[in-house]
Protein chains: 2
Amino acid sequence: MQSFTEENYLKVIYHLAEKTNNVQTNAIAEQIQTKPASVTDMIKKLAEKELVDYIKYQGVTLTDKGRHAAVDIVRKHRLWEVFLVDKLNFKWDEVHDVAEELEHIKSVNLIERLDEFLGFPKSDPHGDPIPDKNGRFTKTQFIKLIELKIGDSGTITGVSQHSSAFLKHLEKLGLTLGKQIKISDVTDFDGSVEILIEEKQINISREVAKHILISNNGKN
Amino acid sequence: MQSFTEENYLKVIYHLAEKTNNVQTNAIAEQIQTKPASVTDMIKKLAEKELVDYIKYQGVTLTDKGRHAAVDIVRKHRLWEVFLVDKLNFKWDEVHDVAEELEHIKSVNLIERLDEFLGFPKSDPHGDPIPDKNGRFTKTQFIKLIELKIGDSGTITGVSQHSSAFLKHLEKLGLTLGKQIKISDVTDFDGSVEILIEEKQINISREVAKHILISNNGKN
DNA sequence: AAAATTTTTTAGATTTACCTAAAAATAAAA
DNA sequence: TTTTATTTTTAGGTAAATCTAAAAAATTTT
């Protein structure tokens, strides 16, 4: 059984490992909002417990055991997010911090019944997949909106940024999950993207376009 | 803002204060499952924060601030219990430990929306009253079943023991909240009580009878 | 390949919530 | 009212997770 803190480290390492193979001390420190020295201490502890493989100065990778524990926390986090949005009417930009706390409640029974109560959802309010109780899930094939060309179309199925500010912005623009979009133009000047959504033309910055994930896209 | 541990101390002191005015160090230690020396340490910290009034060797009492914080935790605990039973189909004997964790989630918003989602319940699965968001609640007028005389009747509206073993036992006997009972006999030998419930005669031990709370009772 | 920079680790402290053992205060019994 | 027992506190220590400052390793730049 892991402590609250250990669980947070595992989760952060898991997410960072989606980008790079060996996860660096500094990257973890930044995510956990702590100092690199503290991370080194904790890494040693996790290595001791065989949750990560660790070679000094080389960063860490999760062991099977560690990954399993991490996926379990991700599952809880995402199920709680669904609960908050579907049942308690939270907005998608309001759920993260609360789910961050709820994910550490330890009760297998609780999470299985919650899953059932929610109708075994496959994805959370941000489009991220929810692992089943065996830790299995299929990651949907995404492409970043920024990578689409003029004339391409598709469906908004995810976001790669969960900050409240970003999500509120999308909400205001009507760029929510499930919406159909089509690229009508890309501005030379600032790389901003002109898109057609529900018969309306809107312009979004490059920065925003980078973090919107599209599936079902039809090439022009 | 209080720590997880501080919250537990406040809650325990609050419950112990329902019986005695000045709550003793040893009593707290027993509840928290810790040593009296540790309790003294924590008491000093709580006194420092003006959550309790403390005179050395004289035990503690909650300040208004401390009581407010404690009632808030009790409110959360009981609301989560309702959630677990009403929505996730937990049995009344399964909810305590999980609610013990959930009660420490810090989000005013969460608890207000949960309250609404549950339909602003007035009592939890064990019949205990749920404080409203201002900490107000009315304690129902209870009498212990053991105190009833032959011929007296009433409705089961609460229990004064929350152990899983006790609650499971009641469940098996059909002694659940809302049930109408009538005392048909009291055994001289062991003080056990014969009661009439749903046209059936059953015998319950003195120990059990002590922890069943009856309201609406009609004297013979 | 040496110098400079960045990243990571070590060493030694701090804080929180605990502990044990012994001393001090209070309460109960003789 | 002493003596005895119980309760509570103090003193000093431990483990978990953090910190700062400085040393060591790795990487990048020149």
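Chain identifiers are assigned alphabetically (A, B, ...) following the order of the sequence lines, protein sequences preceding nucleic acid strands; residue numbering begins at 1 within each chain.
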Nearest whole angstrom, please: distance from the [atom2] of [N] to the [atom1] of [X].
| X | N | atom1 | atom2 | answer |
| --- | --- | --- | --- | --- |
| Glu6(B) | dT15(C) | CD | C1' | 13 Å |
| Lys44(B) | dT8(D) | NZ | P | 14 Å |
| Met42(B) | dC18(C) | CE | C1' | 9 Å |
| Glu7(A) | dA16(D) | CD | C1' | 15 Å |
| Gln58(A) | dT9(C) | CD | P | 9 Å |
| Asp41(B) | dT20(C) | CG | P | 13 Å |
| Asn8(A) | dA16(D) | CG | P | 18 Å |
| Gln2(A) | dA16(D) | CD | C1' | 15 Å |

Quiz prompt | Distance in Å, Asn8(B) CG paired with Ile73(B) CD1, rounded so as to fall on 0.5 Å steps | solution = 7.5 Å

Exercise. Kindly compute the distance separating CD1 (Ile105(A)) from CG (Asp97(B)), expressed to the nearest 0.5 Å.
Key: 12.0 Å

Please tell me if [X] has a side-chain N or O lying less than 4.0 Å from either OP1 or OP2 of [N].
| X | N | value |
| --- | --- | --- |
| Lys56(B) | dT7(D) | no |
| Tyr57(B) | dT10(D) | no |
| Tyr54(B) | dT8(D) | no |
| Tyr9(B) | dT16(C) | no |
| Gln24(B) | dT8(D) | yes |

Assess whether a salt bridge exists between [X] and [Y], defined as any Lys/Arg side-chain N lying under 4.0 Å from an Asp/Glu carboxylate O.
| X | Y | value |
| --- | --- | --- |
| Lys106(A) | Glu7(A) | yes |
| Glu103(B) | Arg78(B) | no |
| Arg113(B) | Glu94(A) | yes |
| Asp115(B) | Arg75(B) | yes |

Quiz item: For DNA chain C, which residues in residues 25-40 of chain A have a heavy atom at a distance below 4.0 Å?
Solution: Thr25(A), Asn26(A), Pro36(A), Ala37(A), Thr40(A)

Quiz prompt | Contact nearer the 5' end of DNA chain D, comparing Ile43(B) with Thr5(A) | solution = Ile43(B)

Quiz item: With a 4.0 Å cut-off on heavy atoms, is Phe4(A) in touch with a base, just the backbone sugar-phosphate, or nothing at all?
Solution: nothing

Quiz item: Counting N and O atoms only, with roles assigned by atom type, does the side chain of Ser192(A) sit under 3.5 Å from a partner on the main chain of Thr187(A), one being a donor and the other an acceptor?
Solution: no

